[in-house]
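These notes are about the structure you will find just below.
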Protein chains: 2
Amino acid sequence: MFLPLYCNKNNYRMNNGRFSIALHILVLLDKAQGELVSSEWLAGSININPAMVRKELISLRQHGFVQSKEGKNGGTTLAKKASEISLGAIYESVRQLSLLGHQKNTPNPQCPVGKNINAHLDGLYNDTERVLIDQLNKQSLADFSAKFG
Amino acid sequence: MFLPLYCNKNNYRMNNGRFSIALHILVLLDKAQGELVSSEWLAGSININPAMVRKELISLRQHGFVQSKEGKNGGTTLAKKASEISLGAIYESVRQLSLLGHQKNTPNPQCPVGKNINAHLDGLYNDTERVLIDQLNKQSLADFSAKFG
DNA sequence: AAAACTGTAACAAAATTATTTACAATATAA
DNA sequence: TTATATTGTAAATAATTTTGTTACAGTTTT
C-alpha cells in the first residue's frame with residue numbers, strides 16, 4: 001500500500017514548518033467557503049510546490065479536517081466546520097515525536113543518571129506538551145481565520 | 001572574538017536534543033556536589049563526544065548556570081544552587097527561534113492570507129511558548145535532579 | 001478523447017544537527 | 001621546568017532531517 005509520508009527510517013521527525021503550512025492551508029480553505037480549491041492555487045499563496053501541498057493534504061485528510069475531489073475541477077474543501085477544528089488538533093496532526101526532542105539519545109546505562117534520564121525526560125516532555133496543546137486548543141481554526149480580513 | 005555556536009547562516013535553529021543534553025549535564029553537575037567534573041566524564045555518561053559537551057558548556061556558562069576551571073584537574077561545577085535554576089531558564093538557554101517554527105516562510109504577499117499569516121503565526125507562537133516556559137518553570141533543576149536516586 | 005485535477009512514489013537538493021579532529025592556552029603536579 | 005591533563009575554540013566532515021522536484025498513473029469533467 002502506502003507508507004506514511006514524511007517518515008525517515010527512525011520514524012522520527014520534528015514539528016516545524018509543517019504546522020505553519022497546515023494552518024495556512026486550512027485558513028485558505030476556510031476563506032474559500034466550501035468552494036473546491038486546487039493544490040496549485042494553495043501552493044501559490046503559500047509559495048511552495050503543489051506537491052508539497054498535496055503531501056500535507058494527505059495528512060489533513062487522514063485526520064478528517066479536509067476532503068478532496070479528484071479529477072478535472074477537483075480540489076479540496078474543509079470536511080468540518082472551522083469552529084470544530086482546534087489548533088491543538090492541527091498541532092497533533094503534524095507532530096511526530098516529542099516536543100523538546102531527544103531523537104537519538106542513548107546515554108550510558110552504567111551511569112545512574114544516564115540510565116534513568118530518558119524516562120524522566122519523557123515524563124517532562126509529555127507534561128509540557130500537554131500544556132502546550134491545551135493552550136492551542138483555546139483557539140479554533142475559525143478564531144484564527146477571523147484574524148484575516 | 002567568538003561568534004555564537006551552533007548558528008547557521010540564517011541564525012536559525014530548532015530546540016531539540018540540546019535541551020536534553022543541557023539538562024543531563026546539569027543533573028550530573030548537581031550530583032557531583034561541587035566537585036569539578038571534566039567534559040570527558042560528562043561525555044561518558046551522556047554518551048556523546050567531549051567536544052559536544054564543551055560546546056554546550058560554553059552556552060551554559062554564558063547563561064550563568066555553570067563555571068569552569070581550565071588546566072590540569074580542571075572541570076566544571078554549577079555556578080548557582082540547583083534550586084535557583086528553573087527548567088524554563090534552561091529551555092530559554094537552548095532555544096533559538098520560534099517553537100513551532102516557520103523558518104523560511106515567504107508566502108505570497110498578493111494573497112490576503114499569505115500577506116498577513118506570518119504576523120499572526122508569530123503571535124500564536126509567542127503566546128504558546130510563553131505557556132510552555134511557564135510550565136517548565138514550575139520545576140527547578142533541584143526538583144528534576146531529585147528524581148534520580 | 002482531451003484536459004485538469006488528485007494521489008503517490010521516487011529522487012534530488014538544501015538545511016540542520018551531530019561528530020570528529022586538531023591544537024593553542026592554561027593550570028597542576030612531578 | 002617539563003610533562004600531563006584539561007578547557008576553549010575552530011574547522012572540517014558526516015549523518016540526519018527536511019524540503020523541494022519531477023514524474024506519471026488514475027479520476028473526473030467537458
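In the text below, chain A, chain B and the rest are named by the order of the sequence lines, each starting its count at 1. From a predicted model like this one, the values you see are computed outputs, not experimental measurements. Note: hydrogens, waters and symmetry copies are ignored here, and every other heavy atom, side chains too, is used.
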(message) Of the options D:dT6, C:dC5, D:dT22, whose atoms approach the side-chain atoms of A:Asn49 most closely?
(response)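 Minimum distance to the A:Asn49 side chain belongs to D:dT22.
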
(request) State which of C:dA3, C:dC5, C:dT20 makes the closest approach to the side chain of A:Ser38. (result) C:dC5

Mind calculating the distance between [atom1] ([X]) and [atom2] ([N]) to the nearest angstrom?
X       : N      : atom1 : atom2 : value
A:Leu36 : C:dA4  : CG    : C1'   : 13 Å
A:Leu60 : C:dG7  : CG    : P     : 12 Å
A:Arg54 : D:dT22 : CZ    : C1'   : 11 Å
A:Arg18 : D:dG20 : CZ    : C1'   : 15 Å
B:Trp41 : D:dT7  : CH2   : C1'   : 18 Å
A:Glu35 : C:dC5  : CD    : P     : 13 Å
A:Glu40 : D:dT21 : CD    : P     : 13 Å
B:Ile48 : D:dA15 : CD1   : P     : 18 Å

Should [X] and [Y] count as side-chain neighbours, where that means a heavy-atom distance under 4.5 Å?
X       : Y        : value
A:Ser86 : A:Gln139 : no
B:Leu26 : B:Val66  : yes
A:Arg61 : A:Thr76  : no
B:Val94 : B:Glu56  : yes

Do any side-chain nitrogens or oxygens of [X] fall under 4.0 Å of OP1 or OP2 in [N]?
X       : N      : answer
B:Arg61 : D:dG8  : yes
B:Lys69 : C:dT28 : yes
A:Ser39 : C:dT6  : yes

(message) Tell me if the side-chain of B:Lys55 makes a donor-acceptor pair with the base of D:dG8, cut-off 3.5 Å, by modelled atom types.
(response)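 When only heavy-atom distances are counted, B:Lys55 does not reach the base of D:dG8 through any donor-acceptor pair under 3.5 Å.
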
(request) For A:Gly74 and for B:Asn47, find the nucleotide of DNA chain C with the closest heavy atom, then tell me which residue's nucleotide is more 5'. (result)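 Result: A:Gly74.
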
(request) Could you check whether B:Leu57 gets within reach of a base, just the sugar-phosphate, or nothing at all, counting any heavy atom under 4.0 Å? (result)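 No contact.
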
(request) Check every strand shown and say whether A:Asn73 touches a base, only sugar-phosphate, or nothing at a heavy-atom separation below 4.0 Å. (result)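 Sugar-phosphate, no base atom in range.
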
(request) Between B:Thr76 and B:Ala51, name the one whose nearest nucleotide on DNA chain D is closer to the 5' end. (result)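 That would be B:Thr76.
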
(request) Describe, in one word, how the ring planes of B:His120 and A:Phe148 are oriented to each other, choosing from parallel (under 30°), tilted (30 to 60°) and perpendicular (over 60°). (result) perpendicular

